[in-house]
Each structure stands twice: as structure tokens, then as C-alpha cells.
Amino acid sequence: MTPPALPPPVPEDVIQAALRLQGPAHRTPVLRSGTADRLLHAHLFFKCENLQRAGSFKFRGAFNTLSQFTPEQRRHGVLAFSAGNHAQAIALAARLLDMPVLIVMPEDAPASKMAATREYGAQVVTYNRYTEDREAISQRIAQERGMTLVGPSEHPHVIAGQGTAALELFEEVPRLDYLFVGVGGGGLMAGSLLAAQARAPQCQVVGVEPEAANDAQQSLRSGHIVRIATPRTIADGAQAQSLGPLVFDIVRRQGHDITTTSDLHLMQAMRFFAERMKIVVEPTGALAFAGAQHGGVDIRGKRVGIVISGGNVDLARYARFLAD
Ligand SMILES: *Cc1c(COP(=O)(O)O)cnc(C)c1O
């Protein structure tokens with residue numbers, strides 16, 4: 001079942017999404033750190049989406065999307081393919097809205113991730129990532145069961161939902177000069193740009209990609225969507241190979257800039273968060289801070305928002321990053 005095409009999201013959609021999320025989502029805290037301010041010679045405001053429900057901002061886009069399903073869509077439920085935060089976000093949002101949910105995951109996904117997704121009430125279907133095509137599998141199941149497939153970024157309601165983290169930050173912290181956000185599929189950046197249009201037009205939104213996964217930077221600079229091979233980086237939530245057309249259009253129209261950071265700097269940022277700020281941040285969640293520190297943007301003396309986008313990391317892996 002193909003739902004009717006939706007118009008691209010506008011700033012007002014982020015404001016509406018924020019109303020829908022009042023209650024179901026946490027209004028996450030904004031932390032400060034004197035040490036970080038001294039280190040970067042700026043006034044930093046950390047929006048802690050690692051403390052969001054299901055551990056990342058992805059819950060915002062998932063809930064905003066599922067809560068606007070038609071009764072027919074609700075009855076048949078939702079399907080997503082992901083081994084990461086999107087899967088957990090969709091599973092939790094579906095449970096809260098009491099609809100069937102199926103997640104397609106690689107059979108070698110971390111057992112902890114699979115268990116967490118099942119705990120949220122999702123049915124998990126596995127596939128072999130070397131021999132099978134997850135999109136084809138997902139589409140076949142969606143068709144057979146009448147389920148609606150929801151991707152992690154290329155959807156107007158997902159983008160509007162992701163923008164609500166920045167919207168909350170702009171409402172709580174006036175006069176920000178910069179906002180740094182991590183970039184994978186670009187839903188978070190596109191939503192943050194719309195939020196800035198609504199509440200902080202003076203604020204420059206800067207996307208941060210892993211060095212090895214700089215497809216969005218290349219796309220922005222060349223003016224067309226650039227596709228890359230699956231990149232190698234510890235930032236597993238930012239391994240998208242390209243932006244989709246909906247996201248690219250928003251980022252190109254208003255998009256300010258995209259910078260990059262290395263895996264080494266991501267590890268240092270994770271360590272900083274653990275040691276100085278006492279918070280658990282996953283590698284992808286550290287992109288914005290590492291980018292603000294090392295991405296070559298002159299933020300000295302400025303008021304700077306940093307979206308800490310997620311905190312889901314396998315503990316054994318996390319311990320290795322901290323020890324290295
Ligand atoms: C998905 C994700 C991102 C990237 O968001 P996009 O909307 O795909 O650009 C960044 N950080 C975390 C923790 C994520 O889960």
C-alpha cells in the first residue's frame with residue numbers, strides 16, 4: 001500500500017511535531033561544561049539526546065510519523081529495516097501507539113540490539129547481509145502484510161520530528177550563533193535547519209560527518225547528490241552512502257556548511273563526555289562536539305549549540321574506546 005505523496009516539510013511542521021511529542025518524548029536537558037568552554041574558547045550548550053527515550057533523537061521522528069498514520073495504516077502496522085537507533089525508535093513508538101511492528105535486521109546484528117528491539121515488542125526478521133537485499137525483503141513483507149515502510153530520514157514527518165530537538169534548544173537558549181549536528185542520512189540536519197528558520201534565523205547550522213563518510217559534504221559542494229561506498233568509521237549511525245533528494249533539497253537551499261571529523265577525535269570526545277560530563281555517548285553521538293572542536297569553523301567567543309545525538313553503545317565496545 002503506497003501512502004499518498006506528502007509535501008516537503010516546512011518550519012511550521014516542526015512546531016506541530018513538537019506539540020505531538022509533548023508527553024511521549026522527553027524534553028532532554030541542556031548541559032554546560034566550563035572545561036569544554038575553556039577548551040573551545042566558546043559558550044557551549046549541549047542538547048542531550050543521548051538521554052532521549054530509546055537512547056537517541058530518532059524517537060522524535062519515529063513518533064511524529066507513526067502518530068500521523070491513518071487508521072488503516074495503524075491496523076496493519078509499521079516496518080523498518082535497521083540495525084541501529086531507528087529500529088529501536090520505531091519499535092518503541094509503535095508500542096506506545098499500540099500498532100504491530102516488524103524490524104528487518106542483519107542476522108549478525110549485536111545480540112543486545114536484537115534483544116532490545118524485541119523487548120520493545122517488535123517482531124524481528126533477520127537476513128544475511130552478504131547475500132540478501134534488505135530493501136527487497138522489506139518491500140516484499142510490507143506488501144504481503146499491508147505494513148507501511150518507514151525509513152530513518154527521507155520522510156517529511158521524520159524530518160519534522162528530528163527538528164524538534166533543535167527547536168527545544170533554540171527556545172531554551174536564545175541567540176545561538178552556531179548549531180552543530182551529526183549527519184548520516186541528513187534527517188537531523190534538515191529538521192534542525194527548519195527549526196532554525198522558525199526560531200533562530202541568525203543561527204548557522206553546521207553538519208558534521210565522519211571523514212570517511214563525507215558524501216553530504218561532497219554533495220553540498222558539488223551541487224548534486226554524491227553516492228559513496230559503505231564507509232568505514234566507528235560512527236555506525238552515520239554510514240549512509242548518500243542523502244536522499246528530500247533532505248538534499250532542504251540542506252542545499254539553506255544549508256550552511258558541512259565539516260568532518262576523524263574517528264580518533266570521536267573517541268577523544270566520548271572520553272571527554274564520560275570523564276568530564278559523566279554521560280555515555282555513542283561514537284555517532286559525539287560527531288557534533290568533535291566537529292565543533294576540530295572541524296575548522298571559527299567559533300571563538302560564540303554561543304554554540306551541540307546536539308549529542310545518541311548514547312546507544314555496546315558496553316564492551318564502549319570500554320575499548322575509553323581505554324584506547
Ligand atoms: C541516525 C543518527 C545520526 C544521524 O542522523 P541522520 O538523520 O541520519 O543524519 C546521528 N547520531 C545518532 C546517534 C543517530 O542515531
Side-chain angles (χ1 to χ4, degrees), residues 3-31 45-75 77-78 80 85-86 88-99 101 120 148 150-176 179 181 185-203 205 246-247 250-251 253-254 305 307-310:
L6 298 160
V10 294
E12 178 61 26
D13 293 326
V14 183
I15 294 167
Q16 292 303 320
L19 295 175
R20 272 181 217 108
L21 287 166
Q22 240 170 49
H26 294 320
R27 189 177 179 104
T28 51
V30 177
L31 294 188
F45 301 86
F46 295 92
K47 178 68 171 168
C48 290
E49 288 295 303
N50 56 322
L51 304 177
Q52 186 51 264
R53 295 187 79 175
S56 83
F57 73 91
K58 291 253 184 9
F59 177 71
R60 295 174 179 271
F63 189 88
N64 188 48
T65 304
L66 269 50
S67 65
Q68 293 178 81
F69 271 18
T70 64
E72 167 86 2
Q73 284 178 305
R74 259 182 208 233
R75 201 152 46 75
V78 59
N85 291 338
H86 179 60
Q88 290 176 58
I90 288 283
L92 175 59
R95 192 185 70 190
L96 295 174
L97 293 162
D98 200 20
M99 67 174 84
V101 49
Y120 286 129
T148 303
V150 175
S153 50
E154 199 48 21
H155 186 298
H157 297 166
V158 171
I159 292 169
Q162 316 304 37
T164 59
L167 194 79
E168 287 175 7
L169 180 61
F170 291 140
E171 287 175 351
E172 192 167 328
V173 182
R175 300 186 321 281
L176 284 179
L179 177 69
V181 301
L188 179 62
M189 182 172 185
S192 302
L193 284 163
L194 297 175
Q197 245 186 309
R199 293 283 185 261
Q202 80 292 343
C203 181
V205 177
L246 187 60
V247 162
I250 296 168
V251 172
R253 225 170 333 115
Q254 317 170 42
V307 177
I308 299 176
S309 50

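Computed from a prediction, not measured in an experiment: that's the story for all the values here.
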Nearest atoms (heavy-atom pairs only) where [X] meets [Y]:
X: Leu193; Y: Ile250; value: CD1-O, 4.1 Å
X: Val101; Y: Ala94; value: CB-CB, 3.6 Å
X: Cys203; Y: Phe170; value: SG-CE2, 3.8 Å
X: Thr148; Y: Gln73; value: OG1-NE2, 3.3 Å
X: Leu176; Y: Gln202; value: O-NE2, 3.0 Å
X: Ala166; Y: Ala195; value: CB-CB, 4.0 Å

Using atom types as modelled and distance alone, determine if a side-chain donor or acceptor of [X] lies under 3.5 Å from a backbone N or O of [Y].
X: Arg53; Y: Pro24; answer: yes
X: His155; Y: Gly187; answer: no
X: Asn64; Y: Gly61; answer: no
X: Ser153; Y: Gly186; answer: no
X: Glu154; Y: Val247; answer: yes

What distance do [X] atom [atom1] and [Y] atom [atom2] have between them, rounded to the nearest 0.5 Å?
X: Phe63; Y: Thr164; atom1: CZ; atom2: OG1; answer: 11.5 Å
X: Leu66; Y: Asp98; atom1: CG; atom2: CG; answer: 12.0 Å
X: Lys58; Y: Asn85; atom1: NZ; atom2: CG; answer: 5.5 Å
X: Gln68; Y: Arg74; atom1: CD; atom2: CZ; answer: 10.0 Å
X: Glu172; Y: Arg27; atom1: CD; atom2: CZ; answer: 5.5 Å
X: Arg75; Y: Met99; atom1: CZ; atom2: CE; answer: 12.5 Å

Stepwise side-chain contact (heavy atoms from CB on, under 4.5 Å) check, Arg199 with Ile15: CA-CA 10 Å; Arg199 293 283 185 261; Ile15 294 167; 3.8 Å; yes

Is a side-chain donor-acceptor pair under 3.5 Å present for Ser67 with Arg20? no

Taking atom types as modelled and ignoring hydrogens, do the side chains of Gln52 and Thr28 form a donor-acceptor contact shorter than 3.5 angstrom? no

Out of Val14, Leu179, Ile159, which one pairs with Ser192 under the side chain to side chain contact (heavy atoms under 4.5 Å, CB included) rule? Leu179

Any non-hydrogen side-chain atom of [X] less than 4.5 Å from a side-chain atom of [Y]?
X: Gln88; Y: Leu92; value: no
X: Gln254; Y: Leu194; value: yes
X: Phe69; Y: Leu97; value: no
X: Val30; Y: Glu168; value: no

Should Phe57 and Val181 be marked as a side-chain contact (heavy atoms from CB on, under 4.5 Å) after you check the CA-CA gap, both sets of side-chain angles, and the distance that decides it? CA-CA 11 Å; Phe57 73 91; Val181 301; over 6 Å; no

